[in-house]
2 protein chains.
Amino acid sequence: MPAETPASAPPDLRREQMLRAAAELIGERGFSETRIADVARRAGASPALVIYYFSTKDQLLTEALRFSEEAFYRTVAAKLETLRSAREQLELLVRTTCVPQGEGEIPGAWGLWFDLWAQALRHPEIAKDRIELDQRWRDTIARVVRDGQQRGEIGDVDADAFAITFSALIDGLSIQVALRDPVVDPERAFAIAMAFAARELDVTWRPRRAPTAAPSGRSRRR
Amino acid sequence: MPAETPASAPPDLRREQMLRAAAELIGERGFSETRIADVARRAGASPALVIYYFSTKDQLLTEALRFSEEAFYRTVAAKLETLRSAREQLELLVRTTCVPQGEGEIPGAWGLWFDLWAQALRHPEIAKDRIELDQRWRDTIARVVRDGQQRGEIGDVDADAFAITFSALIDGLSIQVALRDPVVDPERAFAIAMAFAARELDVTWRPRRAPTAAPSGRSRRR
DNA sequence: CGGGCTTGACTGACTGTTCAGTCTAGGTAG
DNA sequence: CTACCTAGACTGAACAGTCAGTCAAGCCCG
């Protein structure tokens, strides 16, 4: 692998390089399997320097988790802006969570989520972050609903209650997808989530193909 | 702590003691934070003996994960037998997953699940187990539905499709509960899941209290 | 030349695993 | 019944590898 790092970058960038590297590695290998030496190598720095910036390994990994989540939500929010109909916006939400690789975010984000949960369960500091982040996620969903309602695309439902249920459903589905469950492939997960939203929000959404049978292999949209 | 271990038990029991100890510890501290020394101490044995039975640490922890999941599903299946109505059976399913501590199973089972997912993502061996176990879980749900249909308690729906969606929803809800999200407390998760099932299965279920407000502190049923 | 950045070399602690035996129960021969 | 023997359960002590974090010294930019 070529060292694409300019050996000495502005210190702010250095930090970010390391955070990004750490986030990627956590996603690939898992939280506890990530060594600071690995992070250093990927960021094009020495292990000592990593400790220089983040004084402890735990701190680095913790910040990396936060960094990645933050990036994820920001990206989604930005993309959301570009879409005009509630249907498209909902599709975006579902697709970014239920379909393997969104573009622009840190790759391997799934492993990251699992580790985030596992860590949150035991470290109150991380737990607090996660709760906040998840609330933001539900707010995003609720806002899509409310906007759709104002435009008359969506019927009269409790947006917040819907957000809670819908985010739970999406989470559950994406676990299966991430773990490559043969019964719940990305297309199916997408179809289930959208069908649920359509029924619940009183909006029309026709699946492009029969939801159960998936006869023809199809290349993923990119 | 009193050594409740009879120093020398039949070897089959020894194995199980260790598996149980390992499963508990994984739940409490997490997969990677579990030392074989800890397992040994809790099982009333020496570290060397643990290696004597399971030749490697990974093997021990892997088997412990499987052991715990297996125990969980068996317990649920047994309890299901004792219930006669579909409504009660569904309540059981939701309660055992969405409410903190089921009785009889390994405590701290939640951390276990997160670790199971994290491990499954990276170790195909574990992934295979998980898929199989999850399929069994969905089958359990589907069977409850079909039985209910035969008894005329449940309307005409695709039991398998329902099982997929419902299990995803439950998973998502229980993540929030496990992570003590203030918005999704156990009662609320329970209410959401049951409401979904009721509507989807065309069965009546009245929440015992208003689903949103939870005014009075209430001791958990035991 | 001063201070932040960067490093290689080092270390101290931890921990999975090995090993060389000890102990016990049960079997067997005398 | 006794003495011996064997096998398997079990252990304490050491080993070896790994890795987070330290340090003293250089580097480079302003």
Side-chain angles (χ1 to χ4, degrees), chain A residues 1-26 28-65 115 118-119 122-123 125-126, chain B residues 1 3-26 28-65 115 119 122-123 125-126:
Chain A
M1 68 206 82
E4 43 182 303
T5 313
S8 188
D12 288 4
L13 278 202
R14 251 348 165 96
R15 252 188 97 82
E16 194 172 317
Q17 285 173 339
M18 291 178 187
L19 285 176
R20 185 174 303 274
E24 286 178 11
L25 283 162
I26 295 177
E28 293 169 19
R29 311 186 190 177
F31 192 91
S32 61
E33 295 306 304
T34 298
R35 313 278 160 244
I36 65 169
D38 302 330
V39 176
R41 199 171 320 127
R42 186 165 299 194
S46 69
L49 190 61
V50 175
I51 294 295
Y52 174 78
Y53 278 100
F54 312 84
S55 44
T56 170
K57 182 197 177 186
D58 254 28
Q59 187 120 9
L60 163 67
L61 297 188
T62 299
E63 279 193 43
L65 281 180
D115 273 316
Q119 293 299 319
R122 273 156 307 235
H123 303 316
E125 204 54 34
I126 300 186
Chain B
M1 70 202 83
E4 44 182 304
T5 313
S8 190
D12 289 3
L13 279 201
R14 226 60 210 288
R15 252 189 96 84
E16 195 173 316
Q17 286 173 338
M18 291 178 186
L19 284 176
R20 184 173 304 273
E24 287 177 11
L25 283 163
I26 295 176
E28 293 168 17
R29 308 184 192 180
F31 192 93
S32 60
E33 294 307 304
T34 299
R35 313 275 160 247
I36 65 167
D38 302 330
V39 176
R41 199 172 319 125
R42 186 166 297 194
S46 69
L49 189 62
V50 175
I51 295 293
Y52 175 78
Y53 277 101
F54 313 84
S55 43
T56 169
K57 181 197 178 186
D58 252 30
Q59 188 120 9
L60 163 67
L61 296 189
T62 299
E63 280 193 43
L65 282 181
D115 274 316
Q119 293 298 319
R122 279 163 294 241
H123 302 317
E125 204 54 32
I126 300 186

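All chains are named by letter (A, B, ...) in the order of the sequence lines, taking the proteins before the strands, and each is independently numbered beginning at 1.
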How many Å lie between NZ on A:K57 and P on D:dC19, as a whole number?
9 Å
Just how far, in rounded Å, is C1' of C:dT17 from CG of B:L61?
14 Å
I need the CZ-C1' distance between A:R15 and C:dC5, as an integer number of Å.
14 Å
Options D:dG12, D:dT22, C:dT17, nucleotide nearest the side-chain atoms of B:S46
D:dG12
Among D:dT11, D:dG21, D:dC10, which nucleotide has an atom closest to any side-chain atom of B:R14?
D:dC10
Nearest-Å distance for atom pair CZ/C1', residues A:R41 and C:dG8:
15 Å
Quick one: do A:R122 and B:D115 make a salt bridge, cutoff under 4.0 Å?
yes
Residues A:Q17 and A:R20: side-chain donor-acceptor under 3.5 angstrom:
no
Given C:dT7, D:dG12, D:dG21, the nucleotide with the shortest approach to the side chain of A:T56:
D:dG21
Separation of C:dC14 atom P from B:E33 atom CD, nearest Å, is 13 Å
Which nucleotide in the list C:dT17, C:dC5, D:dC19 gets nearest to the side chain of A:Y53?
C:dC5
B:Y52 vs D:dC10: side-chain N/O to OP1/OP2 distance below 4.0 Å:
no
Before accepting this row, confirm whether a basic side-chain N of the pair A:R29/A:E24 lies closer than 4.0 Å to the acidic partner's carboxylate O.
no
Round to the nearest Å and state the distance from A:D38 atom CG to D:dG21 atom C1'.
16 Å
Distance check needed: C:dG4 C1' versus A:L13 CG, whole Å only.
17 Å
May I ask you to decide whether A:E63 forms a salt bridge with A:R15, counting only side-chain N to carboxylate O separations under 4.0 Å?
yes
On a heavy-atom basis, which atom in A:A45 and which in A:M18 lie closest, and how many Å separate them?
CB-CE, 4.1 Å
Check the distance between C:dT17's P and B:L49's CG and give it to me in whole angstrom.
14 Å
By nearest atom, which of the nucleotides C:dT17, D:dG21, C:dC19 is closest to the A:I36 side chain?
D:dG21
